Amino acid sequence: MNTTLLSGLNPPQLQAVTLPQQSALVLAGAGSGKTRVLTTRIAWLISTGAVSPHGILAVTFTNKAAKEMVVRLSAMLPINTRGMWIGTFHGLCNRLLRAHFREANLPQTFQILDSGDQLSAIKRVMKALNVDDEKFPPRELQNFISGSKEQGLRAHEVEAYDPYTRRKVEVFAEYDAQCQREGVVDFSELLLRCFELLSRNQQLREHYQERFRHVLVDEFQDTSPLQYQWLKLLAGKHAALFAVGDDDQSIYAFRGANVGNMQELLRDFQVGTVIKLEQNYRSHGNILDAANALIANNRNRMGKNLWTAEHGGEPLRVYEAPNDVEEANFIVGEIKQLKSEGVKLSEMALLYRSNAQSRVLEHALVSAGLSYRVYGGLRFFERQEIKHALAYLRLMENTDDDNALLRIINFPTRGIGARSIEQLQDAAKQYNTTLWDAAARAGGKVTAFVALIESLRAATCDLPLHPQGAGRGVPGAFGSTLPLPEIIEHVLEHSGLLAHYRAEKESPSKRREAEERLENLAELVTAATLFVHEHEEDSLTAFLTHASLEAGEHQAGDQDDALHLMTVHAAKGLEFHTVFITGLEEGLFPHQNSQNVDGGLDEERRLMYVAITRARRRLYLTFAQSRMLHGKVGYGMASCFLRELPDELLRWLSPRVVQRSNPFAAFGYAPPAPAAATQRTAQASPGGGGVWRIGQRVFHQKFGEGSITGVEGGGADARVQVNFKHAGSKWLALEYAKLTQL
DNA sequence: CGCACGTGGTTTTTT
DNA sequence: ACCACGTGCG
């Protein structure tokens with residue numbers, strides 16, 4: 001069996017897969033067979049008898065990756081993977097916390113807040129503490145709280161030397177207290193609580209350390225400090241930590257990922273050699289050469305050079321459009337051509353740095369009648385109507401969940417206005433109880449609401465009476481527990497949700513929307529049916545957890561043959577025959593906001609590296625001289641990343657305006673095409689003599705060096721937009737600003 | 001209570 | 001340009 005398992009592996013892959021029991025770091029380049037190595041390693045460990053499935057802990061970031069691992073593993077080994085600990089960080093922490101809810105000081109039916117829920121919970125805390133949301137934007141507090149937790153810090157551990165931070169810490173502390181009262185945990189709490197549980201409870205810790213002999217991690221470069229601490233704790237002194245990752249594909253620093261964990265792992269686990277997977281099985285040579293050349297500009301890399309047996313291939317096609325609409329039109333033309341040559345639409349992807357860019361592309365695609373699918377956007381379980389429905393279910397299960405109560409106490413409207421809700425909140429505060437208890441004491445319409453929830457609960461299940469909470473249709477003391485899909489159907493009908501949207505269908509303006517919402521609610525029942533089937537688990541708690549932890553595919557239906565439109569971030573891990581990287585302009589890609597961040601440009605470059613390595617055969621790089629951004633036309637220069645690609649790998653499809661010998665104008669940056677810039681190209685130049693045009697490099701006494709990215713007006717009013725190297729982007733009046741042309 | 005209008009923000013995102 | 005959110009009116 002081992003021979004089949006290992007056949008076809010290249011030497012470093014084989015080395016990684018068959019490593020003896022020891023910790024390791026596998027530096028796995030894009031398209032180097034990383035997932036294969038990871039799953040084969042597990043299969044090899046099990047099939048050689050080195051470890052039982054029981055002793056494996058395999059961690060990923062996304063549900064998709066976890067699922068993929070399970071599927072591949074099942075194909076390799078005739079074992080039941082169900083009992084194995086393969087999952088996401090959050091999923092596995094949830095599993096641990098459910099199993100030891102008492103030790104973790106959580107109610108058995110604790111609910112998980114998604115980011116939206118978390119934000120509303122924070123807003124409530126801020127209101128209660130009278131925090132000015134002008135000075136403290138709730139979003140910032142959310143980042144502060146989640147960020148601190150990802151560092152492994154509780155409120156009292158955060159260093160707060162200024163009054164501003166101290167206030168934020170206050171909110172943090174009260175927010176955690178509120179969550180505890182309400183029996184809910186947010187995503188990062190799931191990890192932190194689990195970490196604390198294991199570090200404080202020696203018995204539990206030793207139990208799991210004893211159990212897991214091999215801890216395997218995917219996408220290790222994306223781990224946060226807390227996640228790494230968690231891994232270290234579970235690995236203990238005896239387990240082997242097998243980490244697979246690629247520092248060049250680290251693109252999630254903004255959400256707490258710490259590439260430095262790779263170096264730390266080498267030290268902490270005394271890893272002698274790093275195994276490098278550098279043979280790429282995806283792309284043609286030119287594409288890889290371009291990627292290698294680009295990423296070589298980054299400092300502090302672990303060092304890696306992708307190569308392929310498939311040399312050469314087509315050159316990278318570069319296109320400079322006068323504006324964003326023309327860029328889109330060009331792309332549409334190329335797609336049509338490729339399609340006629342037999343490349344499937346689903347084998348092509350349009351990538352962009354930010355979501356807003358999809359608009360123009362979509363418009364052009366619709367006009368051309370090409371079908372496409374945009375990734376990212378509202379996910380199934382995040383839809384308003386679904387969240388409403390889930391809130392009923394959550395409240396039924398855990399009446400302490402104030403978030404859930406507030407969401408539905410007056411939806412559909414039942415005459416409980418802001419006033420009544422405020423009274424409830426006051427009462428709850430006064431008696432130090434949850435809103436539910438306050439509501440139970442209130443009168444009038446609130447009483448009817450309480451009765452409604454109780455009748456829903458009585459009619460469907462007796463959750464509080466479940467001894468194990470494990471579901472399986474165990475009849476409660478009264479009546480019987482309905483199957484999960486029927487519980488949901490009952491709640492949808494009797495909560496008034498269905499009636500509400502059916503009524504909205506009568507209004508012509510809302511018909512479409514209401515129809516869609518009704519369809520989604522029906523889909524929720526289907527999702528529950530599916531869930532019961534797939535998980536052999538029919539407890540409401542499990543389903544609600546599933547809904548929080550797995551927000552579901554963005555859209556139902558995999559479409560027949562449609563183009564893929566997505567951000568570069570979303571494209572990580574995917575591959576296509578043809579890839580278009582669009583909007584390659586300074587300020588867009590690399591993004592403006594990365595300029596002021598330490599290491600920001602390097603991360604943008606890694607993002608570009610990820611984008612390039614998505615392509616198997618053909619790669620287009622496009623940019624526009626001008627584009628509509630935030631409602632205004634802006635002018636950008638070609639991305640510096642284009643300059644970092646070897647000339648000989650590129651084929652320019654647009655006429656090059658300026659000779660390449662001028663290092664600055666290397667990308668054909670000449671004055672914008674007249675058609676695109678009729679009014680905005682100021683030829684007058686009261687300031688410093690020469691003609692001010694986009695791309696011109698300038699020097700300013702105070703702001704330093706920069707380059708012109710926009711010109712407006714003429715004569716005395718002439719203004720230029722300058723993107724300064726260090727001071728950021730500014731509009732300056734030429735009459736006053738002393739700009740020197742460089 | 002619900003709708004109309006105004007205002008501000010607008011990189012990337014999984015769980 | 002566009003969307004999400006909050007306030008003020010009928």
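To find a chain, count down the sequence lines: A is the first, B the second, and so on, and within it residues start at 1. Remember, predicted model here, so these are calculated numbers, not experimental data.
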Please enumerate all residues that pass ring pair (Phe, Tyr, Trp, His ring centres under 6.0 Å) together with [X], with sequence neighbours excluded.
X        : value
A/Tyr501 : none
A/Phe449 : none
A/His500 : A/Phe411
A/Tyr175 : none

Could you tell me how far apart [X] ([atom1]) and [N] ([atom2]) are, to the nearest whole angstrom?
X        : N      : atom1 : atom2 : value
A/Glu150 : B/dT15 : CD    : C1'   : 9 Å
A/Asp222 : B/dT15 : CG    : C1'   : 13 Å
A/Asn143 : B/dT13 : CG    : P     : 14 Å
A/Met566 : B/dT13 : CE    : P     : 11 Å
A/Glu382 : B/dT13 : CD    : P     : 12 Å
A/Leu607 : B/dT12 : CG    : C1'   : 7 Å
A/Phe61  : B/dT15 : CZ    : P     : 11 Å
A/Lys632 : C/dA1  : NZ    : C1'   : 12 Å

**Report entry** Whole-Å P distance, C/dA4 and B/dT13
**Finding:** 16 Å

Query raised in the report: When the P atoms of C/dC5 and B/dT12 are considered, how many whole Å apart are they?
Result: 16 Å

Report task. Evaluate whether atom CG of A/Asn143 has more than 12 neighbouring non-hydrogen atoms of other residues, nucleotides or ligands under 6.0 angstrom away. Result -> yes

Query raised in the report: Counting heavy atoms not belonging to A/Arg95, are there more than 12 under 6.0 Å from its CZ?
Result: yes

Query raised in the report: Is A/Asn63 touching bases, backbone alone, or none of the nucleic acid, heavy atoms closer than 4.0 Å?
Result: sugar-phosphate

Going by the rule side chain to side chain donor-acceptor pair (under 3.5 Å), which residues pair with [X] if we only count those two or more places apart in sequence or in a different chain?
X        : answer
A/Arg627 : A/Glu327, A/Glu585
A/Arg301 : A/Asp248
A/Lys445 : none
A/Ser495 : none

Query raised in the report: What string of B, S and - do you get for nucleotides 5-10 of chain C, 5' to 3', if B is base contact, S is sugar-phosphate-only contact and - is no contact with any protein heavy atom under 4.0 Å?
Result: ------

Query raised in the report: How close do A/Asp117 and A/Asn403 get, heavy atom to heavy atom, and via which atoms?
Result: O-ND2, 3.1 Å

Requested in this report: May I ask you to list the residues of residues 245-258 of chain A, by number, that have any heavy atom positioned under 4.0 Å from an atom of DNA chain B?
Outcome: A/Tyr252, A/Phe254, A/Arg255

Requested in this report: Could you check which residues of residues 407-421 of chain A get a heavy atom under 4.0 Å from DNA chain B? Sort them by number, please.
Outcome: A/Asn410, A/Thr413, A/Gly415, A/Ile416, A/Gly417

Query - Straight-line distance of A/Leu351 CG to A/Leu361 CG, nearest 0.5 Å - result: 10.5 Å

**Report entry** Interatomic distance, A/Leu153 atom CG to A/Leu226 atom CG [nearest 0.5 angstrom]
**Finding:** 9.5 Å

Write down the protein N/O and nucleotide N/O pairs, taken from nucleotides 4-11 of chain B, whose separation is under 3.5 Å; answer none if there are no such pairs.
| unit_1 | atom_1 | unit_2 | atom_2 | d |
| --- | --- | --- | --- | --- |
| B/dT11 | O4' | A/His591 | NE2 | 3.1 |
| B/dT11 | O2 | A/Arg353 | NH1 | 3.0 |
| B/dT11 | O2 | A/Arg353 | NH2 | 2.2 |

Query raised in the report: Centre of A/Phe144's six-membered ring, under 6.0 Å away, within 45 degrees of the axis: is that where NZ or CZ of A/Arg139 sits?
Result: no

